[in-house]
Peer 1: 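Supplied in structure tokens, the structure appears directly below.
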Amino acid sequence: MAKAEIAEMIVDTLASIGVERVYGVPGDSLNGITDAIRRHPSVAWVHTRNEETAAFAAGAEAHLTGNLTVCVGSCGPGNTHLINGLFDCYRSRVPVLAIAAQIPSGEVGSSYFQETKPDHIFKDCSHFCEVVSQPDQMPRILEIAIRTAIAQRSVSVIVISGDTALQEATLRRVKLTIDSMQPAIIPDRALLERAAAWLHAAKAVTILAGAGCAGSHAELLETAAKLQAPVVHALRGKEFVEYDNPYDVGMSGLLGTASGYRAMQECDLLLMLGTDFPYQQFYPKEARVIQVDLRGEQIGRRTAVDLGLVGSVQDTLRALLPLLGNKADSTHLEDAQAHHKKAREKLDHLAVGEPGKTPIHPQYVTRLVDQIASEDAIFTCDVGTPTVWAARYLTMNGRRRLLGSFSHGSMANALPQAIGAQSAFPARQVISLSGDGGLAMLLGDLLSLQQLKTPVKIVVYNNDALSFVELEMKAAGLVSFGTELVNPDFAKIADACGVHGRNVEDPGQLEQTLRDAFNHPGPALVSVKVARQELSLPPTIDFAQAKGFGLYLVKAMLNGRGDEILDLAKTNLRDLF
């Protein structure tokens, strides 16, 4: 067998299991890896402008395909730039392998130039993180890292010095069999029978469905039909639950709707399916709770659970359905559906645009994007208000996908995730719903779009502020501070980067501008001047929040900020009270 460097063996092994791309920024400690990629016929190098972008992009590809993806970072700062994106991958449970280069092996421990401790800094955002210090460890460490990332649907990190990667591999084994690592897991029969009895006895069952319902759409609908149960979806479950679902009554939580919140509060039994919905204040206080989750450690950590069923949603529902009878009383379901219809009408009422009337409602922007986007579009959205509008106004249909930093909550995720999505699916339409703050944070990767030939479409909600942070301040009774953004002309910057750029301030011009951008053969950006004071209210307002808004109004007046109050009055402050 021909001799090979460890770096070459790593790339060959990755190619053997179907890895097609490696995301990253080059550096001298990565030279062995990047040169092996250069020489490999089936692995492409995706050059981003920031390692954080590389990690977000790899995570997006993993989310969409379910397959292992790879990102790399050079020693020192290259490693630390990876961390935020890897935390997002870790919290989102997507299989990603990160190769973290290290300083020369003989210098480790000497406070050498760019020295860090990667095995320490990555330990909290990975399920596996090990240092390769000699050739004899490979390829076994690589194989363990790959299998761990796939089996745990998580992040694995391999730390390797640049000189070690260039050493000759003592054992060159590039055949790695990756069979299905998602076995059928079904709860005990006695527990299923108890669950069925409780569900039969309950008068009003509500289902809370999350990302764990992926692939279980038919079983979910059959369960809802038998139980006459409204289905509330968590944000990460939207793309898997909402479409073609007559039982869906919206979202609950901070970004949800009144109908989703009410359906959970009015039930006497809550059936949680594949969700780790984090907000304790939105769970019902008196209802029984049955939770189904593949990971037993997640059961009961958000609300008190009366019965925990460890198993995948699909396998558990398949085993449970034969034990369920058909409920005749649909009162709870019909009430939730009627409430959802009214809530939906209120939301739709806000998504309007009148020619010449400014600033533009961000709801209207999102509604138009939803109408114009292709039937299999992939959407990414920044945290804050872009996520609110995506959750409320994007329509899922079973073919569309929706990505965001929904668990980690990082700014600046939308553009990097769009790069990963477009790299994996070059023929599909990929739309980034970017906040002005989020886009600016990793603005350098706007340059990547033209260089990588990725025709991503970017819609910028340009309101010159970190508006969701301002809303949080108002709810706490604080006058906005430190949230104002002095933005450049994003369209001109886009043009300078070789990206089709347009600005829109008149709602009458928005639809055609979006259509032109979405039909543009290359990357495009549309910056839309939207209302800064648009309130994205949660489905319920408690006394503390109402008090906070009242304090804010007083403080704003005393501090000479009456213009903010007028802006709020022009939008939808009236909906608060």
Peer 1: Within the side chain of Ser29, is there an N or O that forms a donor-acceptor pair under 3.5 Å with the backbone of Cys75?
Peer 2: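 Checked: pair present.
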
Peer 1: Tell me, please, which residues at least two apart from His408 pass ring-ring contact (aromatic ring centres under 6.0 Å, His included).
Peer 2: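 If we apply the ring-ring contact (aromatic ring centres under 6.0 Å, His included) test to His408, skipping adjacent residues, the hits are Phe87.
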
Peer 1: Are a donor atom and an acceptor atom from the side chains of Glu107 and Ser110 found within less than 3.5 Å of each other?
Peer 2: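 Glu107 vs Ser110: donor-acceptor pair found between side chains.
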
Peer 1: Quick check: closest heavy atoms across Pro521 and Lys457, and the distance to 0.1 Å?
Peer 2: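 Looking at all heavy atoms of both residues, the shortest contact is C-NZ, 4.3 Å.
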
Peer 1: For the side-chain contact (heavy atoms from CB on, under 4.5 Å) test, which of Leu466, Val469, Asn84, Asp382 pairs with Met411?
Peer 2: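 That would be Leu466; it is the only one of Leu466, Val469, Asn84, Asp382 passing the side-chain contact (heavy atoms from CB on, under 4.5 Å) with Met411.
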
Peer 1: Report yes if some heavy atom in the side chain of Ile141 is under 4.5 Å from a heavy atom in the side chain of Phe128; otherwise report no.
Peer 2: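 Yes, at least one pair of side-chain atoms sits under 4.5 Å.
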
Peer 1: Given side chain to side chain contact (heavy atoms under 4.5 Å, CB included), test Ser156 with Ile146 step by step and report yes or no.
Peer 2: CA-CA 7 Å; Ser156 286; Ile146 290 172; over 6 Å; no

Peer 1: How long is the straight-line distance from CE of Met251 back to CG of Leu208, given to the nearest 0.5 Å?
Peer 2: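 Result: 10.5 Å between the selected atoms.
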
Peer 1: Please list, chain by chain and in numerical order, all residues satisfying side-chain hydrogen bond (donor to acceptor under 3.5 Å, both in side chains) with Asn413, sequence neighbours excluded.
Peer 2: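 With sequence neighbours excluded, Asn413 shows a side-chain hydrogen bond (donor to acceptor under 3.5 Å, both in side chains) to Gln417, given in chain and number order.
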
Peer 1: Does the gap between the ring centers of Tyr243 and His217 come in under 6.0 Å?
Peer 2: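 Yes.
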
Peer 1: Report the residue from Leu394, Thr380, Ile458, Val365 that forms a side-chain contact (heavy atoms from CB on, under 4.5 Å) with Leu433.
Peer 2: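 Considering Leu394, Thr380, Ile458, Val365, a side-chain contact (heavy atoms from CB on, under 4.5 Å) with Leu433 is found only for Leu394.
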
Peer 1: Do Asp35 and Arg39 meet the salt-bridge criterion of a basic N to acidic O distance under 4.0 Å?
Peer 2: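 Result for this pair is yes, salt bridge flagged.
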
Peer 1: For side chain to side chain contact (heavy atoms under 4.5 Å, CB included), just list the numbers for Glu242 and Asn397, CA-CA rounded to whole Å, side-chain angles, deciding distance to a tenth of an Å, and then say yes or no.
Peer 2: CA-CA 8 Å; Glu242 185 182 55; Asn397 59 10; over 6 Å; no

Peer 1: We want to know whether Ser410 and Asp88 form a side-chain donor-acceptor pair, criterion being a heavy-atom distance below 3.5 angstrom.
Peer 2: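 The answer is no; no qualifying pair exists.
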
Peer 1: Check ring-ring contact (aromatic ring centres under 6.0 Å, His included) between Tyr279 and all other residues, then give those that pass, not counting sequence neighbours.
Peer 2: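 ring-ring contact (aromatic ring centres under 6.0 Å, His included) check on Tyr279 returns Phe277.
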
Peer 1: So does Arg502 pair up with Asp516, basic N to acidic O under 4.0 Å?
Peer 2: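 Asp516 and Arg502: not salt-bridged.
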
Peer 1: Strictly by salt bridge (Lys or Arg N to Asp or Glu O under 4.0 Å), give each pair with a member in residues 55-79 just once, sequence neighbours left out.
Peer 2: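 Non-adjacent pairs meeting salt bridge (Lys or Arg N to Asp or Glu O under 4.0 Å): Arg21-Glu61.
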
Peer 1: Taking the six-membered ring where the residue is Trp, are the ring centres of His233 and Phe240 under 6.0 Å apart?
Peer 2: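 For His233 and Phe240, the ring centres are not under 6.0 Å apart.
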
Peer 1: Rounded to the nearest 0.5 Å, how far apart are CD of Glu239 and CZ of Arg401?
Peer 2: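 It comes to 4.0 Å.
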
Peer 1: Under a 4.0 Å N-O cut-off, is there an ion pair linking Asp464 with Lys529?
Peer 2: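 So Asp464 pairs with Lys529 through a salt bridge.
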
Peer 1: For side chain to side chain donor-acceptor pair (under 3.5 Å), just list the numbers for Tyr23 and Thr53, CA-CA rounded to whole Å, side-chain angles, deciding distance to a tenth of an Å, and then say yes or no.
Peer 2: CA-CA 8 Å; Tyr23 299 87; Thr53 296; over 6 Å; no

Peer 1: Minimum heavy-atom separation for Val43 to Val19, with atom names?
Peer 2: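 Residues Val43 and Val19, closest heavy atoms: CG2-O, 3.7 Å.
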
Peer 1: Taking salt bridge (Lys or Arg N to Asp or Glu O under 4.0 Å) as the cut-off, I'd like each qualifying pair that reaches into residues 89-106, sequence neighbours left out, listed once.
Peer 2: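 Of all non-adjacent pairs touching residues 89-106, those that pass salt bridge (Lys or Arg N to Asp or Glu O under 4.0 Å) are Arg93-Glu297.
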
Peer 1: Are Gln291 and Arg302 linked by a side-chain donor-acceptor pair shorter than 3.5 Å?
Peer 2: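 No - no donor-acceptor pair under 3.5 Å links their side chains.
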
Peer 1: For the atom pair CZ (Phe56) and CG (Leu442), what is the distance rounded to the nearest 0.5 Å?
Peer 2: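 That separation rounds to 7.5 Å.
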
Peer 1: Looking only at non-hydrogen atoms, find the nearest pair between Ile6 and Thr164 and report the distance.
Peer 2: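 Closest heavy-atom pair between Ile6 and Thr164: CD1-O, 3.4 Å.
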
Peer 1: Any chance you could measure Thr80, atom OG1, to Gln114, atom CD, to the nearest 0.5 Å?
Peer 2: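 Answer rounded to 0.5 Å: 9.5 Å.
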
Peer 1: Backbone N or O of Gly498 within a donor-acceptor pair of the Gln450 side chain at under 3.5 Å?
Peer 2: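 Present.
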
Peer 1: Roughly how far apart are Ile419 CD1 and Gln451 CD, rounded to 0.5 Å?
Peer 2: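 Spacing of CD1 (Ile419) from CD (Gln451) equals 10.5 Å.
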
Peer 1: Run the side chain to side chain contact (heavy atoms under 4.5 Å, CB included) test on Arg147 and Glu143 for me, step by step, so that the C-alpha distance in whole Å, both residues' side-chain angles and the decisive distance to 0.1 Å come before the verdict.
Peer 2: CA-CA 6 Å; Arg147 285 198 170 96; Glu143 293 172 353; 4.1 Å; yes

Peer 1: To the nearest 0.5 Å, what is the distance between OG (Ser126) and CD1 (Ile121)?
Peer 2: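 It comes to 10.5 Å.
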
Peer 1: Under 3.5 Å, side chain of Thr48 to main-chain N/O of Asn50, donor-acceptor pair present?
Peer 2: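 Yes, Thr48 side chain to Asn50 backbone: donor-acceptor pair under 3.5 Å.
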
Peer 1: With Phe425, which residues qualify under ring-ring contact (aromatic ring centres under 6.0 Å, His included), at least two apart?
Peer 2: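 Listed in chain order: nothing, the list is empty.
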
Peer 1: Any salt bridge between Glu375 and Arg399, counting N to O under 4.0 Å?
Peer 2: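 Not counted as a salt bridge, because no side-chain N and carboxylate O are separated by less than 4.0 Å.
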
Peer 1: Under 3.5 Å, side chain of Asn487 to main-chain N/O of Asn462, donor-acceptor pair present?
Peer 2: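 No: the side chain of Asn487 does not pair with the backbone of Asn462.
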
Peer 1: Any side-chain heavy-atom pair from Met9 and Glu168 closer than 4.5 angstrom?
Peer 2: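 In short, these two side chains do not touch, never coming nearer than 4.5 Å.
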
Peer 1: With the threshold set at 4.0 Å, does a side-chain nitrogen-carboxylate oxygen contact exist between Asp293 and Arg301?
Peer 2: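 So Asp293 does not pair with Arg301 through a salt bridge.
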
Peer 1: Is a side-chain donor or acceptor of Asp445 paired with a backbone partner of Ser448 at a separation under 3.5 angstrom?
Peer 2: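 Judged by distance alone, no pair lies under 3.5 Å.
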
